[in-house]
2 protein chains.
Amino acid sequence: MESYEKRLRDFLLRGDKIFLPHISIDCVTFGFHDNQLKVLLLKWKDSGPWCLPGGFVKRDESLDDSAKRVLNERTGLENIYLRQFQAFGDPDRMRSKQSFDLIGAATSWVMDRFVTVGYWALVEFSKVTPRPDWLSEDCKWFDIHRVPKLIYDHNSIIIKALEALRISLNDHPVGYNLLPEKFTMPDLQKLYETILDTSLDRRNFQKKMLALDVLERLSERKTGGAHKAPFLYRFDKKKYERAVKQGIKTGF
Amino acid sequence: MESYEKRLRDFLLRGDKIFLPHISIDCVTFGFHDNQLKVLLLKWKDSGPWCLPGGFVKRDESLDDSAKRVLNERTGLENIYLRQFQAFGDPDRMRSKQSFDLIGAATSWVMDRFVTVGYWALVEFSKVTPRPDWLSEDCKWFDIHRVPKLIYDHNSIIIKALEALRISLNDHPVGYNLLPEKFTMPDLQKLYETILDTSLDRRNFQKKMLALDVLERLSERKTGGAHKAPFLYRFDKKKYERAVKQGIKTGF
DNA sequence: GTATCATTGTGTTGCTACTACACATTGTAT
DNA sequence: ATACAATGTGTAGTAGCAACACAATGATAC
């Protein structure tokens, strides 16, 4: 097993044989837990601020595939629902550059200007075990309202990703990748309210969701709460995927 | 004035000192003429198929600025309304590579893989004088329904741009950059019908457009037609820009 | 055991926006 | 003058949504 220093040095000096220079991808990964919207963040070794999990594009790999690869490495999940939403290419977006105190780092391909392609993803919080990569010392969830100052323009990338997610609520159902298999209508409503950062009328929300024709009501109810037991629902996968593909016409 | 060959050779061999390698932008420029939606296309010298006007990103230039620069060079227009809509990065999207029969071309930076960022733009047809650049022999408008087979994945980029334009009709008014200053309601309707490729009810369309509160009806009417003279309208620039910025809620 | 109470299930009403039409008006061509 | 084709304006019916009311229920407090 080669040492971290050797591996880093090789990456800085010769990574551009494997990866395309000047192009990166960054993933804004949303999860839902404790009625809060979470974002997965990463912290590089020997560097201060947190950042979005991201990576480079292999020379024979598509943008979508590199985003999937990055997310799979950070979460362990396969078949993640993700969507490209914007490319970020301001020439000074990396003004606050990292400094790798190693020979060759200053002239490395990673220190040059990068255009990054932003993706957002929805994952089921409970199924994720955040894991840092060899370059990072930590990887964990942050409440969307408590994201610290990140490197580069990553804070504004998160803001844009959230806008894109909210817009997509208008033509795509959400929840399949964000909630456990069985959930209650209040659970689903809280998810929407958290993403949209508003409150919604309970009764109208239920009608709208049922009208989407993607939910299946189970005979079970969720017990253990302090009040009337709500029905459990689950997504009808076929109908859900049809709705995601075709798009639906609703509006929040 | 240096010769074309010398200039091309210098571009192929040393262009990557000025431009970022592996990243390009492509512009899908829409115009409206004779009740048809037009797209501006370009033909390189010594090469068969047509392509989208595009270009490379200068090392100190933003993506948006490079798109604006490219469009300004092809159309002569300033302040073009354009929007980034998607990055295209399949590793084999440039499978049908051009061959420049020049020394050094085969190993030039332009022959390597590129990720391109797609922009769509709306311009006023009558104000545009399409002009080829030094690399091209022709630049002209094509009917959207008569676009020939283009290089690379440029046909699918146009399709995606048109989809993005249609979606944007649902939250942004269209016409300011696509119609002459004064126009009739039937003109505006034909524009929408052409973009959406459907027919719309004349009376409902008028009501919807007036409800947007971006139009100003002039006292003049358009004469010369074979029938009843329709009113002329123009956009109220302030209200129009507010509507573009805020977004409107309509649906087609 | 029983009362309490927050929460859930299921309506109803009223408004707005959109769709589908009808009819009168007008400028040119015959 | 008349015909015609296109324009200006209005109306009825409908679907969808927002606002709201009331009964049912399951744990908790006593």
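We name chains A, B, ... by the order of the sequence lines, and we start the count at 1 in each one.
A donor-acceptor distance shorter than 3.5 angstrom exists from the side chain of A/E193 to the backbone of A/L200, with no hydrogens or angles considered. Put simply, the side chain of B/R221 gets close to the backbone of B/A229: a donor and an acceptor are under 3.5 Å apart.
Side chain of A/K208, nearest nucleotide from C/dG9, C/dT7, D/dA18: D/dA18. Distances from the side chain of B/R203 to the nucleotides D/dT7, D/dC20, C/dC21 place C/dC21 closest.
Spacing between atom CZ of B/F183 and atom P of D/dT7 amounts to 15 Å, rounded to whole angstrom units. Atom CG in B/L200 sits about 16 Å away from atom C1' in C/dC21, given to the nearest Å. Regarding A/N204, its CG atom lies at a distance of 15 Å from the C1' atom of C/dT8, rounded to whole Å. Atom CD1 in B/I248 sits roughly 14 Å away from atom P in C/dA17 (whole-Å rounding). Between the CG atom of A/D201 and the P atom of D/dG16 there is a distance of 18 Å, given to the nearest Å. Rounded to an integer number of Å, the gap from CE of B/M185 to P of C/dT25 is 21 Å. What separates CD of A/Q206 from P of D/dC17 is a distance of 15 Å, to the nearest Å. Remark: P of C/dG9 and CE of A/M209 are 15 Å apart, rounded to the nearest angstrom.
Ion pair B/R69/B/E61 flagged as a salt bridge, since at least one NZ, NE, NH1 or NH2 atom sits closer than 4.0 Å to an Asp/Glu carboxylate oxygen.
Mapping A/T184 and B/G224 onto DNA chain C by nearest heavy atom places A/T184 at the nucleotide closer to the 5' end. Mapping B/H227 and B/R221 onto DNA chain D via the closest heavy atom, the residue that lands nearer the 5' end is B/H227. Mapped onto DNA chain C by nearest heavy atom, A/K207 and A/P230 fall at different nucleotides, with A/P230 at the one closer to the 5' end.
At D/dT9, one or more side-chain N or O atoms of B/R217 fall inside 4.0 Å of OP1 or OP2 (strictly under the cut-off).
Counting atom types as modelled, B/K228 pairs no side-chain N or O with a base atom of C/dT26 as donor and acceptor under 3.5 Å.
Cation-pi geometry between B/K140 and B/F142 is satisfied (NZ or CZ under 6.0 Å from the ring centre, within 45° of the ring normal).
Within 4.0 Å of A/R202, counting heavy atoms only, lies at least one base atom of the nucleic acid.
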Q: Carefully, step by step, assess B/R93 and B/D153 under the rule salt bridge (charged side-chain N to carboxylate O under 4.0 Å, His left out).
A: CA-CA 6 Å; B/R93 57 174 289 269; B/D153 55 351; 2.9 Å; yes

